Amino acid sequence: MASPDAEAPPPTEPERWRDLDILLSRPGNLVHATFQPSPGLRDDIGSFVEVLVVGAGGLGCELLKDLALSGFKNLHVIDMDTIDVSNLNRQFLFRVQDVGKPKAEVAAKRVMERVSGVNIVPHFCRIEDKELEFYNQFQIIVLGLDSIEARSYINSVACGFLEYDSDDKPIPKTAKPMVDGGTEGFKGHARVIMPGTTPCFECNIWLFPPQVKFPLCTLAETPRTAAHCIEYAHLIKWDEVHTGKPFDADNAEHMQWIYSEALQRAELFGISGVTYSLTQGVVKNIIPAIASTNAIISAACALEALKLVSGCSKSVLNYLTYNGLVGTHIKVTEFVRDTDCLVCGPGTLIELDTSSTLSEFIKMLEKHPKLLMSKASVTHEGNNLYMQSPEVLEQMTRQNLSIPMFELLKGASFVTVHVSGMAESNGNKVSSLRKLRVLFKGVEEASKMDTTESS
Amino acid sequence: MQLFSSLKMINLFKIKDQKKEESASAAGKAPVKKQSAGELRLNKDISELNLPKNTSISFPNGKDDLMSFEIVIRPDEGYYMSGSFGFTFQVSPSYPHEPPKVKCKTKVYHPNIDLEGNVCLNILREDWKPVLNINTVIYGLNLLFTQPNDEDPLNHEAAAVLRDNPKMFEANVRRAMAGGYVGQHYFPRCA
Ligand SMILES: [Zn+2]
């Protein structure tokens, strides 16, 4: 990129959109079956499509810029972080004077300044702070995140909008597509998640290797590397010295303390290589971010978003990996869905009378041909209706057994519940966790009427 | 070879219609709490717990928050017989991808547990696998009391005594559990 102080004048409007317009107005052989090339397609995308970008960091900055330059005009961005001086080398929308300001707000402002006609609404908050309905207003959710937890959360929200018909077929208009980007050093991935059609994040969570954890006794007794010394200061020494005071990785004083302790320990054991940035990296589990990897992955993600809304080409099926460590290697793998996935799968449809009690429901699961589940524990949206074990939880939930399910589920006509217990599989009883769609007989129409009346 | 067509494209024209419908129907929906896949898996683990007789469990935040809980182990054999040792469990939404965080609440004279409550148990860190569960961890913690070992020390002094002078180690454990000093460290009574 050119230096921000010597910015070239932005291209004039028609010139900026020339290539995109060619892509959207010409027919082709690799387009989606429903693609209707038209000179007005770019305007339609700008007018009718709203996209949410989750994360305004290294990937998020690239994504906002790329989406704005791909014809998307209604963007939202959500990020809870403020700008740190160490972000400036790659999060190119930020300047020195922005340090300390919310990333979402600055990123939105900078892109709007550079690409006319684009409106970006920033949300400076945690993703969990938003109502679920907030996420439903977008046609696509694009993820530029660095944590498994945050991805898993957004995935569960987006998959939560998916509805299945009585034949366990996903209802297309309820599917909220996600485009997920991720980078680690010179490696990255871009994937398209169409809930109900392609695997969701939870279907192949095993793709993300668990973080390496050193044994505590190695840290305490036989450190051999700089990282061992840092983790010793972080996991053991901090608590020893600061009784009851939690360590905060975003507090520079705390980090400095860990660094100097790690340095002392490294000297004691004759180990070299402890630096402040390594300390930050180890404690926050950061792999150095590479600007070019972010740019490549973001471009792939923005392109997938454009393909999803326009059909100008077929979507990637379904997981693109990039490796720039030795040469350049790009590969697309088609992963398969876990049809029993608790998050995106249909679950088993159960019809229930409004008078059926929880205890009758549990007995019914034992005989249900698709489940044959005995000793079921039942949970609904974080509310544990019945727990078979341990005794203390059984006692706390026992009184629900005689209450009708319809009442326990607060009079909703159609509800997702999760049950765990011993289910039959190929003649063997195995411990299982299942998703159920409970439909109460005869109340669907009434509750629909209630909803419309109250709104 | 599978063709690309299985991926549904968003239909722009449908979006135009849907926009109108949505604004009409969005108001009536109640906010719902999202339960992570990790929370569901933890619920299952908990509902299938097979606790050893000497171990009890409690849920300080009630029946609907199982992500943090406490157990108490009362060893019925070995050096620590008749002591009572509390542990806190913190389970993250990424469970079982991430192991639970376990700390010992009771100050204990033990080669593999330090005075801050850190526990050296391989399955809590380097050997954690998502197929393991809460039961495995509780079993592992029980094992620490019947088979303390001097090879993975977190409390260096205790480990050295166990290795060089098991009789003295036994006496030290008794003194600590009864409430008293071992070296410079005071241990509150836990027996
Ligand atoms: Zn899934």
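Throughout, protein chains are lettered first and strands after them, A, B, ... in sequence-line order, and every chain is numbered starting at 1. Bear in mind the structure is a predicted one, so any value in this text is a computation, not a measurement.
- In this structure, the portion of A:M387 lying under 4.5 Å from any heavy atom of chain B is its side chain and not its backbone.
- In plain terms, the two heavy atoms of B:S47 and A:Q388 that are nearest each other are O-CB, 4.4 Å.
- Interface remark: B:N122 contributes no atoms to any contact with chain A (heavy atom separation under 4.5 Å).
- If you measure heavy-atom distances from A:T218 to chain B, you find no contacts under 4.5 Å at all.
- Heavy-atom distances place both the backbone and the side chain of A:I205 under 4.5 Å from chain B.
- For B:L66, the part lying near chain A is the side chain, with the backbone staying farther off; criterion is any non-hydrogen pair under 4.5 Å.
- One finds the CG atom of A:L216 at 5.5 Å from the CG atom of B:N118 (value rounded to the nearest 0.5 Å).
- Of all the heavy atoms in A:P390 and B:L49, the pair that sits closest is CG-CD1, 4.4 Å.
- When all heavy atoms are compared, the tightest approach of B:R125 to A:E231 is NH2-OE2, 4.3 Å.
- Both the backbone and the side chain of A:L433 come within less than 4.5 Å of a heavy atom in chain B.
- Ion pair B:K103/A:D239 flagged as a salt bridge, since at least one NZ, NE, NH1 or NH2 atom sits closer than 4.0 Å to an Asp/Glu carboxylate oxygen.
- A donor-acceptor pair is defined here as one N or O able to donate and one able to accept, closer than 3.5 Å; such a pair exists between the side chain of B:K63 and the backbone of A:N384.
- Contact count against chain B (heavy-atom pairs under 4.5 Å) is highest for A:M396 among A:M422, A:M396, A:E394.
- Among residues two or more places apart in sequence or in another chain, the side chain to side chain donor-acceptor pair (under 3.5 Å) test is passed with A:S152 by A:E202.
- Listed options B:P153, B:P93, B:S94 were ranked by heavy-atom pairs under 4.5 angstrom with chain A; first place goes to B:P153.
- Within the 4.5 angstrom heavy-atom criterion, no atom of B:S56 approaches chain A.
- The contact between A:S377 and chain B is made entirely by side chain atoms (from C-beta outward), counting heavy-atom distances below 4.5 Å.
- Separating the CD atom in A:E221 from the NE2 atom in B:H156 is a distance of 5.0 Å, to the nearest 0.5 Å.
- Listed by chain and number, the residues in a ring-ring contact (aromatic ring centres under 6.0 Å, His included) with B:Y80 are B:F85, B:H110, B:F145 (sequence neighbours excluded).
- The shortest distance between side-chain heavy atoms of A:K213 and B:E98 falls below 4.5 Å.
- Here the straight-line distance linking atom OG of A:S420 with atom CG of B:L40 works out to 9.0 Å at 0.5 Å rounding.
- Annotation for B:E48 and A:G421: closest pair OE2-O, 4.2 Å, computed over non-hydrogen atoms.
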